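Here is the structure we will look at.
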Amino acid sequence: GLPSADLPRLRDLTHDQVFTQELLPSASQLALSDTATAELRSYFTDLVHQRRARPGDDPVSRWIATWDAMEPDRDKADEGVYFLALFVLLAALETTANMLSTTVLLLVEHPEWWEKLAADPGLVPGFVEEALRYDAPTHVISRVAAADCLLDGVEIRKDEMVHLMVGAAHRDPARHSDPDRFDPLRTPGHLAFSGGIHYCLGAPLARMEAHVLLRQLVGRLPRLALAHPPSWAPRVAFRRLLNLDVTLA
Ligand code: HEM
């Protein structure tokens, strides 16, 4: 329910905000992230106040009603909705935009799949799952140890942070045979949406978006070819294609 005129600005702010989740962010990246966080905070705080004053038929208004039923303190309820709205924007936008771009790049790089998907749209989900394994949008998942423990022979003490490197897990030859080969017919299995209690809430939506995009692309267009090799943002945690210029093949 956000005004569509705001979307380009929100997208730019999201690109900057997620630097805070990088593995080794530079001082200038953290400064960009701080500025973006401050602007997003004021944007979403205003949004919650506006929706409280004039509720509509949108998720933020419904979240306010839900929180009000649980929390008598209006300021606390507003803060809860603010965090939720901001988190959903950050969790959904950067990851999904990147997945859609990467999936199209992999299709363009494997042109034989253009005709295969057009002839049999039933192959689309396998293609999307393999794209999520081959080049996951998020490469770092972090956890804080609740207690001292031993993880595969490594001692981890309570309150220490552990980073799971998703890209390395996805290319583990003990788990995936010939892991550097892009093969949409392989048995699916990946950690792109994490696992356990924090498993991605938006996974079905993200998958649906990718399925629709691929089906429409191969159904409507002739093959696409790369105009020139794309460039990637210099990041580890959140992959991001900076451009994807294509021509009709
Ligand atoms: C390809 C797209 C996406 C990817 C790769 C992705 C990835 C992830 C990952 C790895 C986590 C877990 C983080 C952890 O375990 O600490 C997560 C959690 C989450 N994601 Fe996504 N996500 C995507 C799209 C979306 C979308 C579209 C939404 C919302 C509409 C969304 C909402 C969330 C939420 C709310 C959580 C937190 C769940 C929890 O902690 O209980 N995600 N996502």
Side-chain angles (χ1 to χ4, degrees), residues 1-2 4 6-7 10-11 13-15 17-23 40 44 47-48 58-63 66-67 70 79-107 124-146 151 156 159-172 175 182 184 188-215 217 232-233 235-241 244:
L2 303 178
S4 51
D6 296 350
L7 298 186
L10 290 172
R11 194 189 53 203
L13 290 170
T14 305
H15 289 325
Q17 203 285 338
V18 297
F19 275 126
T20 194
Q21 291 164 65
E22 269 304 308
L23 201 55
L40 285 166
F44 280 101
L47 178 80
V48 173
D58 59 87
V60 174
S61 301
R62 288 196 291 269
W63 291 339
T66 304
W67 273 78
M70 299 183 300
E79 194 182 34
V81 177
Y82 150 75
F83 277 126
L84 187 58
L86 175 61
F87 184 84
V88 168
L89 178 91
L90 296 175
L93 205 53
E94 194 81 348
T95 47
T96 310
N98 185 73
M99 174 191 63
L100 298 178
S101 318
T102 309
T103 306
V104 174
L105 173 63
L106 285 164
L107 180 59
V124 163
F127 191 97
V128 170
E129 293 312 300
E130 176 65 347
L132 285 163
R133 180 199 71 87
Y134 191 80
D135 199 343
T138 314
H139 274 227
V140 183
I141 294 175
S142 307
R143 289 289 182 273
V144 176
L151 195 61
I156 297 159
D159 294 335
E160 276 183 347
M161 186 174 268
V162 176
H163 298 299
L164 167 69
M165 305 306 292
V166 176
H170 285 185
R171 301 293 181 99
D172 181 355
R175 175 67 180 78
F182 180 73
H190 58 72
L191 292 166
F193 294 118
S194 190
I197 195 170
H198 291 292
Y199 184 80
C200 177
L201 187 73
L205 175 62
R207 284 184 163 118
M208 188 181 73
E209 289 184 43
H211 295 171
V212 170
L213 174 69
L214 280 190
R215 288 195 181 115
L217 265 185
W232 294 87
R235 308 199 307 196
V236 178
F238 279 78
R239 296 278 281 158
R240 186 186 157 206
L241 267 178
L244 182 56

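Note that this is a predicted model, so its numbers are computed, not measured. Counting starts at 1 for both ligands and their atoms, in listed order. Position 1 is the first residue of the sequence, and the numbers go up from there.
T102 is listed as a side-chain neighbour of W232, based on a closest heavy-atom distance under 4.5 Å. Side-chain contact between L23 and H139 is absent, with no heavy-atom pair separated by less than 4.5 Å. Residues L86 and Q17 are not in side-chain contact: their nearest non-hydrogen atoms beyond the backbone lie 4.5 Å or more apart. Residues L89 and L13 form no side-chain contact, since every pair of their non-hydrogen atoms from C-beta on lies 4.5 Å or further apart. Taking the side chain as every heavy atom from C-beta outward, S142 and H163 approach each other to under 4.5 Å.
Close approach to P137 involves these atoms of ligand 1, each under 4.0 Å from a residue heavy atom: 5 (C). The contact set between ligand 1 and I141, taken as ligand atoms under 4.0 Å from a residue heavy atom, comprises 10 (C), 14 (C), 15 (O), 16 (O). For ligand 1 and I197, the ligand atoms under 4.0 Å from any heavy atom of the residue are 41 (O).
Not a single heavy atom of V166 lies less than 4.0 angstrom from ligand 1. Residue contacts with ligand 1 include R143, since one of its heavy atoms falls under 4.0 Å from the ligand.
Polar contact with ligand 1: absent for T96 (N/O pair, distance under 3.5 Å). Polar contact with ligand 1: absent for Y199 (N/O pair, distance under 3.5 Å).
Here the options are R175, H170, E129, the test is side chain to side chain donor-acceptor pair (under 3.5 Å), and the partner is H190; only E129 passes.
Regarding atom 7 (C) of ligand 1, its nearest protein heavy-atom neighbour is A192 O, 3.5 Å. The nearest protein atom to atom 37 (C) of ligand 1, hydrogens excluded, is given as F87 CE2, 3.5 Å; this is a heavy-atom distance.
Protein N, O or S atom count below 2.8 Å of atom 21 (Fe) of ligand 1: the structure gives 1.
Checked against ring-ring contact (aromatic ring centres under 6.0 Å, His included), F182 has the following partners two or more places apart in sequence or in another chain: H110, F127, Y134.
For the pair R143 (side chain) and V162 (backbone), a donor-acceptor distance under 3.5 Å is absent. The closest donor-acceptor contact from the side chain of T96 to the backbone of L93 lies at 3.5 Å or more, if one exists at all.
Listed here is the closest heavy atom pair of L244 and L241: CD2-CD1, 4.3 Å.
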#### Entry: Worked verdict on V88 versus W63 for side-chain contact (heavy atoms from CB on, under 4.5 Å)
CA-CA 12 Å; V88 168; W63 291 339; 4.1 Å; yes
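Across M99, H198, H139, heavy-atom proximity to atom 39 (C) of ligand 1 is greatest for H198.
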